[in-house]
Protein chains: 2
Amino acid sequence: MTRIVDVARHAGVSTATVSRVLNGKTVRPELAAAVRAAVEDLGYVPDRTARSLRRRSSDVVALVLPDVENPFFTAVARGVEDVAQEAGYSVVLCNTDDDPAKEGRYLAVAEHENMAGVVVAPASGSPEIAALRARRRAVVVIDRRVGQDVDQVVFDNVALGRRAAQALVARGFRRIACVTGPVATSTAVDRARGWREALDGAGLEADDLLVHANFRVDGGYDATVALLARPDPPDAVVATNNLVGVGVLRALADAHGRPAASPADAVDGQGPGSGPALGVGIVGDLPFATSRTSDVALVPLDPRALGTTAARLLLDRLAGDEEPARRVVQETPAGP
Amino acid sequence: MTRIVDVARHAGVSTATVSRVLNGKTVRPELAAAVRAAVEDLGYVPDRTARSLRRRSSDVVALVLPDVENPFFTAVARGVEDVAQEAGYSVVLCNTDDDPAKEGRYLAVAEHENMAGVVVAPASGSPEIAALRARRRAVVVIDRRVGQDVDQVVFDNVALGRRAAQALVARGFRRIACVTGPVATSTAVDRARGWREALDGAGLEADDLLVHANFRVDGGYDATVALLARPDPPDAVVATNNLVGVGVLRALADAHGRPAASPADAVDGQGPGSGPALGVGIVGDLPFATSRTSDVALVPLDPRALGTTAARLLLDRLAGDEEPARRVVQETPAGP
DNA sequence: TTGTACGCGTTATCAG
DNA sequence: CTGATAACGCGTACAA
């Protein structure tokens, strides 16, 4: 393995000069050229470990997520990776299963590993985030709000919930339920609030049509089954995230029903068998849907862009940006 | 930050002794106890960077995958993470997009970062794999065959393709097409071979019913659209991976068709509209399906177990196992 | 068994 | 602007 001393000897300079060339400090041009030539000749690659030890900071960024099997978060991960790799950083993915204890462990590890920074979709208002900030580590919170003085990138979740519900209102549905995530998850609460606002705005009753499930497929499935079994079932449902949306659609399909484009569609052209038909609105995308989604009111999100935005913010901090904490609202695609 | 010297002083021993206790070498019990107490008191956590520099090997494992957005590979990743984390290793995910150049870069990085080992689903017969082996780094190849002397964990892909096709034969289909991945991908080729064997065994003609698409949703979608447009379309299709399967089902759905449980089902009860009905067999799982899959012949895979198996193999190597390269055939669930 | 002292490869300091 | 050298924190010969 070739080390920095080899390069130095080969170029007839000191190791300090080699280091300076590699790190873009000012060096006499002819010496710099000699160093670059030597690096090329010997195929020298700096040892990141030694560099990290000396700098007291590695070039690894932690990406802490509630569920890496959720396509939403894998897309976020790609976004983060794209820009981090470009800048020479590696990305480590950490899965918390929405468990604050797991999350705490990962954040502690990030600190002890001297990682450059952390992008986290928090399971809770993690005290460890404050700890990292206190140690002057770069931290960017994504997707979910936390009440702390830290960089954040989030969607306008109230607006997203409102748009999904309004789309159903516009199609003529009157009893629009909402299946959302846990009350501890800000996206679940905010999108549900948007749903309620849309109903209020249209003069419709929310009644007992708000269901807090989990943010997974089974949550949406079970909630839909329960809604359909009610004495006075809704005629439409808003799912506040992608997986819940999958659950809603699958529950409909298993009941030999289908998403309805309008109330008329629901009562008239009973399709396969004679199962239920429901208006369906979903906040999120369905990259692996196996059915037509043209009758579903999709409110797309572009999670990959969320990731790139967060990563750029993080890189700014790593480059020494000392501005006060920023709060960025991530744009979403216009939708159909 | 507390260092090893602090612990040593606190316990009244030398740094060497502290190190020995931490690494499980033989130390007089009372001293060991004192050291542990000091570690506890001071909340000491060893600096991984310094340790890596000294050991010339970090406790990071690279997981190099063709597509981290494919639920199959995210499940593999969880399997790897589960056992790696347990053993104190971090996992870095690397996305190659099936591009040999990208893959080569990541494997080179793994080497220069002194990563402990690599688990890789190769895009090609990477020469870098041999290079890593030559440097005595632990490497485990998963999912796809490579013609090299290296640990491998793969499914019995010929059998999987055969099972999917046989299930359709058993349901009475006679013209069974196969949509598979690129010829450069061993899983695509092997599962197609299995499909062909099943047809041969049943006395059916394969004709020109083999289609090489890509291993993504659009590959399955386009191939299905093309098959349906033929003068003599097939009455069933085998999709050799999960994403292609999604594409097949979505193409059917968009044509207002559906998967058929049997040829009779296909001609009789024309369901919604009057689109095509096809027998469908899929090698893989559909965690985010939005339609009923009871009429689809699914051959499940348990990718998470693939990951845990590979990780265990890797850990064995990291623990000093010097046996000749092993080739493990990963069991698959029995299927319905 | 324990302690001392050196080395891992790089960067930062400080003199020149 | 450049070179010599001292850290960074840990593991491990070597000597005791």
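All figures in this text were calculated on a predicted structure; none of them were measured in a lab. Reminder, nothing fancy here: chain letters follow the sequence lines and each chain counts from 1.
- Residues Val328(A) and Gln152(A) have side chains not in contact (no heavy-atom distance under 4.5 Å, counting atoms from C-beta outward).
- An end-to-end axis angle of 40° holds for the helix from dT1(C)-dA16(D) to dG16(C)-dC1(D), taken from five base pairs per end and rounded to 10°.
- In this structure, of dG3(D), dT12(D), dG9(C), it is dG9(C) that holds the atom nearest to the side chain of Leu53(A).
- The Ala50(B) side chain lies nearest to dC10(D) when the options are dT1(C), dC10(D), dT2(C).
- Within a 6.0 Å radius of CD in Glu40(B), no more than 12 heavy atoms belonging to other residues, nucleotides or ligands are found.
- The 12-atom threshold is not exceeded at CZ of Arg216(A), counting heavy atoms of other residues, nucleotides or ligands nearer than 6.0 Å.
- Between Arg54(B) and dG9(D), a side-chain N or O to OP1/OP2 separation shorter than 4.0 Å is absent.
- Phosphate contact (OP1/OP2 of dG3(C), side-chain N/O of Thr17(B), threshold under 4.0 Å): present.
- Nucleic acid contact class of Arg56(B) (heavy atoms, under 4.0 Å, all strands): sugar-phosphate only.
- Remark: Tyr44(A) is in phosphate contact with dT10(C), judged by side-chain N or O atoms under 4.0 Å from OP1 or OP2.
- Taking 4.0 angstrom as the limit, Arg48(B) places none of its side-chain polar atoms (N or O) nearer than this to OP1 or OP2 of dG9(D).
- Rounded to whole Å, the distance from CD on Glu30(A) to C1' on dC1(D) is 11 Å.
- Nucleic acid contact for Val27(A): sugar-phosphate only, since backbone atoms but no base atoms lie under 4.0 Å from a heavy atom of the residue.
- The CG-P distance, from Asp59(B) to dG11(D), rounds to 10 Å in whole Å.
- Between the NZ atom of Lys25(A) and the P atom of dG3(D) there is a distance of 17 Å, rounded to whole Å.
- Distance, Arg51(A) CZ to dT11(C) C1': 9 Å, rounded to whole Å.
- The nearest heavy atom of DNA chain D to Pro29(A) and to Thr15(A) marks one nucleotide each, and the one closer to the 5' end goes with Pro29(A).
- When each of dT1(C), dA12(C), dG9(C) is scored by its nearest atom to the side-chain atoms of Thr26(B), the top-ranked nucleotide is dT1(C).
- Distance CZ (Arg20(B)) to C1' (dA13(D)): 11 Å, rounded to an integer number of Å.
- Looking at heavy atoms from C-beta onward, Met1(A) lies out of side-chain contact with Glu111(B) at the 4.5 angstrom threshold.
- Considering only side-chain N and O atoms, Arg3(A) lies nowhere under 4.0 angstrom from the phosphate OP1 or OP2 of dT10(C).
- Residue contacts for Thr49(A): at a heavy-atom cut-off of 4.0 Å it reaches no nucleic acid atom on any strand shown.
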